[in-house]
Amino acid sequence: MKLLIKIAGSLIGAVLLLLAGAVASLSLPSVQQRIKTKALELISETLGTKVTLNDAGFSFTNGSIALYGLNIDDQQGQSMLAIDTLYTNLDMWQAYKTRDVELEGVTLNGLKANLYKEKGDTATNYQFLLDSIAARKHEHKDGVEHKAQLTFDIDHASISNLDLSWHDRNKPGDPQKLKLGNLELENMQQDGYHITIDQLAYATNNGKPRKNTGKPNRGAFDAGHLDLVVYCDLTAHTITKDTVNITMHNLWGEDRGSGLVAYSVAFKGTLAGGKANLSDIRIKSRHTRLEFDKATLTLPDSTHKLAYSTSLIKGYTILTDISQPFAPALKKFTTPLALTVNLSGGPHYMNFSNIHVYTPDKRLSIKATGGITGLGHGMKKDIHFAIHSMHANRGIKEQIIGHFKIKESMLRLIKAAGN
């Protein structure tokens, strides 16, 4: 999903930069049909592929630009990027004087992208578009390199009905799908950009049966069969090549295939140098509330492996929240529990420390440490927890065991063990 979002941003930015550059360089001719023809010729020549446009409108009085039915083929002759309508406003006089292009607003509706990588060691079908944009960042005159004086700044933007398909044909399964109902972006000047995303959908299908097929005691969550829907409200304070700084005010998400849901997620975060630092994290689900002050995440690359850790997580839960996606045996576990824990891990393991699980009435208290290894594909999983202390009294043992199907035999063992 991260890859698809990055691709979507790159493609939209690339198209807008190319269109803005074409219009800015041809802002003086009085015949709009000539502008349209010249702009298409310039873009087609720059990209080395076929670009078509059903219609376009320009107003030199207020700088408005309207494009209808834009289509860009890939270099195999297949439709790669299509846009139903695109509206923006350009300061023509500024563009003519300085070639600095500033778009005052963008409204885009109906963007469809068909992105893929053929089998073998081949480039993606959209790589030529990104290469063209990278080449335009610098101009060469008389053997001297000059930075192209095109700037890209947006006061506000509205994007609706986005449909992205990505397929790595070296891998089995269906294409990954990313759909967006609506995105609103507003420039808050010194505070950055305020962004709201409504109905972002992401789906995967690895072509294999779901992991719980024929296994009624296994949870429904399966990363190879995702069906996510996300709504979020955030402020992007800084977005540069090297650093992203955001405040996530609220995120709601659900995996419709497994029933895993988060009603509210909030945090502050900075991503720099391949490392994410989060603070003030708050997570809410149906009956679950979790809070922790800090978390770090090192993203994997050629020199670093995945790593993560948290400060002490505090919260409370009813375990029925995770029964459908992860543990069907807990579907009747309605006893409220409070908890604290530190979490850390890497690509193939997860460690839990400072575990304290207890009931609010203190009838149950368990302190432990533990971990899980063998989380990689094809690895043998091992789960181990060491109980350092456990106190259960005043009927809490029978209450908890009563949540499980095999309660009679378990009750006999508990009674034999005593307190």
Side-chain angles (χ1 to χ4, degrees), residues 1-2 188 190-197 230-240 242-255 260-301 304-319 321-322 325-326 336-362 364-372 375 385-389:
M1 183 174 182
K2 176 183 176 182
M188 306 296 289
Q190 293 183 352
D191 290 333
Y193 288 95
H194 180 234
I195 302 170
T196 57
I197 297 175
V230 174
Y231 301 80
C232 69
D233 178 12
L234 64 96
T235 298
H237 304 288
T238 304
I239 301 179
T240 67
D242 302 315
T243 304
V244 176
N245 182 272
I246 71 167
T247 297
M248 179 65 69
H249 305 295
N250 187 43
L251 180 148
W252 180 96
E254 179 182 12
D255 177 22
L260 180 65
V261 62
Y263 288 157
S264 177
V265 178
F267 60 86
K268 298 177 182 177
T270 300
L271 175 62
K275 187 174 184 179
N277 291 289
L278 307 181
S279 61
D280 300 329
I281 303 106
R282 306 289 183 267
I283 302 173
K284 297 179 182 179
S285 188
R286 294 183 181 93
H287 309 101
T288 300
R289 303 289 186 271
L290 299 176
E291 298 182 356
F292 46 111
D293 295 331
K294 295 180 181 179
T296 61
L297 172 65
T298 300
L299 302 176
D301 57 25
H304 299 90
K305 294 182 179 180
L306 172 71
Y308 53 89
S309 63
T310 71
S311 61
L312 188 66
I313 301 172
K314 302 177 182 179
Y316 60 90
T317 185
I318 296 178
L319 294 179
D321 279 3
I322 63 171
F326 299 116
L337 296 174
L339 63 93
T340 62
V341 63
N342 285 94
L343 178 64
S344 63
H348 304 134
Y349 68 95
M350 183 180 297
N351 291 329
F352 304 88
S353 59
N354 298 315
I355 301 172
H356 186 197
V357 179
Y358 56 97
T359 55
D361 58 13
K362 308 299 183 183
L364 173 70
S365 176
I366 302 173
K367 294 183 179 181
T369 55
I372 305 173
L375 294 176
F385 282 87
I387 306 298
H388 303 302
S389 67

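Put simply, the side chain of Ser285 gets close to the backbone of Val261: a donor and an acceptor are under 3.5 Å apart. Judged purely by atom type and a 3.5 angstrom limit, Asn250 has no side-chain atom pairing as donor or acceptor with the backbone of Cys232. Using modelled atom types, no side-chain atom of Ser264 and backbone atom of Lys284 make a donor-acceptor pair closer than 3.5 Å. Remark: the backbone N or O of Ala295 is not paired with any side-chain donor or acceptor of Thr310 at under 3.5 angstrom. Ser311 contributes a side-chain N or O that, together with a main-chain N or O of Lys294, makes up a donor-acceptor pair within less than 3.5 Å.
Phe267 has its side chain within reach of Ile246: a pair of non-hydrogen atoms, C-beta onward, lies under 4.5 Å apart. For the pair Leu297/Leu306, a side-chain contact is recorded, criterion being any heavy-atom separation below 4.5 Å from C-beta on. Phe385 is listed as a side-chain neighbour of Ile355, based on a closest heavy-atom distance under 4.5 Å. Within the 4.5 Å cutoff, the side chain of Ile366 has heavy atoms near those of the Ile387 side chain. A heavy-atom distance below 4.5 Å is found between the side chains of His194 and Asp233. Annotation: side chain of Leu343 is in contact with side chain of Met350 (closest heavy-atom distance under 4.5 Å). Taking 4.5 Å as the limit, every side-chain heavy atom of Thr340 sits out of range of all side-chain heavy atoms of Ile313. Residues Pro300 and Lys305 have side chains not in contact (no heavy-atom distance under 4.5 Å, counting atoms from C-beta outward).
Taking 4.0 Å as the cut-off between side-chain N and carboxylate O, Arg282 and Glu291 count as a salt-bridged pair.
Heavy-atom minimum distance, Ile372 versus Leu375: CG2-CD2, 3.6 Å. Pairing each heavy atom of Thr298 with each of His304, the nearest pair is CG2-CB, 4.1 Å. Taking every heavy atom of both residues into account, Pro336 and Pro360 meet most closely at O-CD, 3.5 Å. The heavy-atom pair separating Ile195 from Ala236 by the smallest distance is CD1-CB, 4.2 Å.
How far NZ of Lys268 is from OG1 of Thr235: 11.0 Å, rounded to the nearest 0.5 Å. The CG atom of Leu271 sits 11.0 Å away from atom CD1 of Ile239, with the distance rounded to the nearest 0.5 Å. The structure places CD1 of Ile322 at 6.5 Å from OG1 of Thr317, a figure rounded to the nearest 0.5 Å. Taking CG of Asn342 as the start and CZ of Phe352 as the end, the distance is 11.5 Å to the nearest 0.5 Å.
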(message) Using side-chain contact (heavy atoms from CB on, under 4.5 Å), reason through Ile197 and Val230 one step at a time and then give a plain yes or no.
(response) CA-CA 8 Å; Ile197 297 175; Val230 174; 5.9 Å; no

(message) Checking Phe292 against Ile283 for the side-chain contact (heavy atoms from CB on, under 4.5 Å) test, could you report, in this order, the C-alpha distance in whole Å, the side-chain angles of both residues, the deciding distance, and whether it holds?
(response) CA-CA 9 Å; Phe292 46 111; Ile283 302 173; 4.2 Å; yes

(message) Could you walk me through whether Leu260 and Phe326 satisfy the side-chain contact (heavy atoms from CB on, under 4.5 Å) test, starting with their C-alpha distance in whole Å, then the side-chain angles of each, then the deciding distance to 0.1 Å, before giving a yes or no?
(response) CA-CA 9 Å; Leu260 180 65; Phe326 299 116; 3.8 Å; yes

(request) Might you work through the side-chain contact (heavy atoms from CB on, under 4.5 Å) test for Leu234 and Tyr193, ending with a clear yes or no? (result) CA-CA 8 Å; Leu234 64 96; Tyr193 288 95; over 6 Å; no

(message) Apply side chain to side chain donor-acceptor pair (under 3.5 Å) to residues Thr296 and Ser309 and explain how you reach the verdict.
(response) CA-CA 6 Å; Thr296 61; Ser309 63; 2.9 Å; yes

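In summary, the side chains of Asp321 and His287 do present a donor paired with an acceptor at a separation below 3.5 Å, with no hydrogens or angles considered. Residues Thr238 and Thr243 have side chains that never bring a donor and an acceptor to within less than 3.5 angstrom of each other. A side-chain donor-acceptor contact under 3.5 Å links His388 and Thr369. A side-chain donor from one of Asp361 and Thr359 sits under 3.5 Å from a side-chain acceptor of the other. Thr270 and Asn245 share a donor-acceptor pair across their side chains, judged by distance under 3.5 Å alone.
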